[in-house]
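Inspection log for the structure reproduced underneath, given as structure tokens.
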Amino acid sequence: MMNNSWFTVQRIDESTFAISEYGHWEKVHSFLLLGQQKAALIDTGLGIGNIREVTSGLTTLPVCVLTTHVHTDHIGGHGLFSEIYVHEGDCDWLIHGIQGLSIEHIRADLVRDLSQPLPEGFHAETYTPFCGKPAGLLGDGQSIDLGGRSLEVYHTPGHSPGHVCFFEAASGYLFTGDLLYDETPVYAFYPSTSPADLVRSWERIADIPGVTKVFGSHNTLGLEPEILVEVKLAAKTLREKNLISFGTGTHSFNGFSVRF
């Protein structure tokens, strides 16, 4: 484990790293995967610290950014990189921002309930979420080749229209973004979310063969694959009880929960 003033870097294996922001209440994780020819950074965190300084200390390979979805806690460092990819379902948000979300709300959310000091030079009152055009779009079933290492893209809408997960068959690592994590609820009650899509996406990732570890973007780093069995049972329960609708509250299962 390696720490700097804001980020905690944890080695998952010799070529995979978690870059975590434990000082923020959301406990955000980004992931750096090293191939032979290039590296992939899955999300860029909150934008409170300079994540580019961290990746530069871990690799000299060119780094492309793979966006699980365009919410501010996942694209905060996008402006530090030139090669950014996103699913077309969230592309408009990346270019123009999320409509209806005020900058005052974003700034207040960014610095509430902190457990460690903000990095020197960061000022919440001047923070502006990234907006810009991607280098390309991610498509369902697409294979991303890093040189001797590849990831498959799964379009998993629900938490956002263009949410994606990434699966590495060789290692069995499944990176689930905000589709699945533990301790705090997965959110699907905003106008831009879809409970029905989220449950379908849960069912889809639950059927991926060969998963050895599930890496969500918040809270516990690395969940055992047994959680996917629980996900499938949860989806079945929600369907049978006809709870896939707005305003039905928070539903807890074995190891995770969802708020519709």
Side-chain angles (χ1 to χ4, degrees), residues 1-22 27-70 73-87 130 134-139 141-154 156 163-181 205 208 210-225:
M1 184 182 296
M2 179 176 71
N3 297 290
N4 75 355
S5 61
W6 180 252
F7 297 100
T8 298
V9 178
Q10 296 165 272
R11 185 187 292 269
I12 296 169
D13 61 35
E14 62 181 13
S15 57
T16 310
F17 301 86
I19 305 173
S20 306
E21 299 177 74
Y22 289 117
K27 297 180 175 63
V28 179
H29 305 299
S30 303
F31 299 93
L32 182 67
L33 285 66
L34 310 182
Q36 295 172 0
Q37 298 172 355
K38 65 191 305 183
L41 179 61
I42 299 176
D43 293 341
T44 61
L46 292 152
I48 290 176
N50 188 324
I51 198 170
R52 181 64 181 266
E53 291 180 353
V54 178
T55 61
S56 295
L58 294 171
T59 184
T60 58
L61 292 166
V63 177
C64 66
V65 171
L66 307 179
T67 312
T68 61
H69 63 296
V70 181
D73 54 323
H74 296 262
I75 64 167
H78 272 39
L80 300 170
F81 300 88
S82 59
E83 190 178 352
I84 297 167
Y85 297 90
V86 67
H87 189 273
F130 172 83
L137 299 178
L138 299 169
Q142 177 182 351
S143 179
I144 299 169
D145 183 14
L146 303 177
R149 186 173 196 181
S150 63
L151 297 169
E152 183 176 355
V153 179
Y154 282 78
T156 51
H163 189 287
V164 294
C165 295
F166 301 97
F167 179 59
E168 183 181 31
S171 64
Y173 297 161
L174 176 62
F175 300 91
T176 55
D178 279 6
L179 179 66
L180 179 63
Y181 49 79
I205 65 166
I208 297 175
V211 175
T212 61
K213 212 76 170 179
V214 177
F215 293 101
S217 289
H218 299 278
N219 304 324
T220 300
L221 179 63
L223 301 171
E224 296 303 317

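Small disclaimer: the values here were computed from a predicted structure and weren't measured.
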Exercise for review: Test ring-ring contact (aromatic ring centres under 6.0 Å, His included) on His29 and Tyr22 and set out the steps.
Suggested key: CA-CA 9 Å; His29 305 299; Tyr22 289 117; 5.6 Å; yes

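Across all their heavy atoms, Gly45 and Val28 have their closest contact at CA-CG1, 4.1 Å.
Judged as a side chain to side chain contact (heavy atoms under 4.5 Å, CB included), and not counting sequence neighbours, the contacts of Ile205 are Thr156, Cys165, Leu174, Thr176, Leu179, Leu180, Ile208, Leu228. Residues satisfying the side-chain hydrogen bond (donor to acceptor under 3.5 Å, both in side chains) criterion with His87, sequence neighbours excluded, are absent altogether. With sequence neighbours excluded, the residues that form a side chain to side chain contact (heavy atoms under 4.5 Å, CB included) with Ser56 are Arg52. With sequence neighbours excluded, the residues that form a side chain to side chain contact (heavy atoms under 4.5 Å, CB included) with Ser217 are Asp43, His74, Asp178. Asn219 is linked by a side chain to side chain contact (heavy atoms under 4.5 Å, CB included) to Lys27, Tyr181, Asp182, Glu183, Thr184, counting only residues two or more places apart in sequence or in another chain. When the ring-ring contact (aromatic ring centres under 6.0 Å, His included) test is applied to Phe215, the partners found at least two apart in sequence or on another chain are Phe31, Tyr173, Phe175.
One distance of note links CG of Leu33 with CG of Leu61; it measures 11.5 Å at 0.5 Å rounding.
Between the Thr68 side chain and the His163 main chain, no donor and acceptor come within less than 3.5 Å of each other. Looking at Thr44, its side chain does come within 3.5 Å of a backbone N or O of His78 through a donor-acceptor pair. Under the 3.5 Å distance criterion, the side-chain polar atoms of Arg149 are matched with a main-chain donor or acceptor of Ser15.
Between the side chains of Thr16 and Arg11, not a single donor N or O lies within less than 3.5 Å of an accepting N or O.
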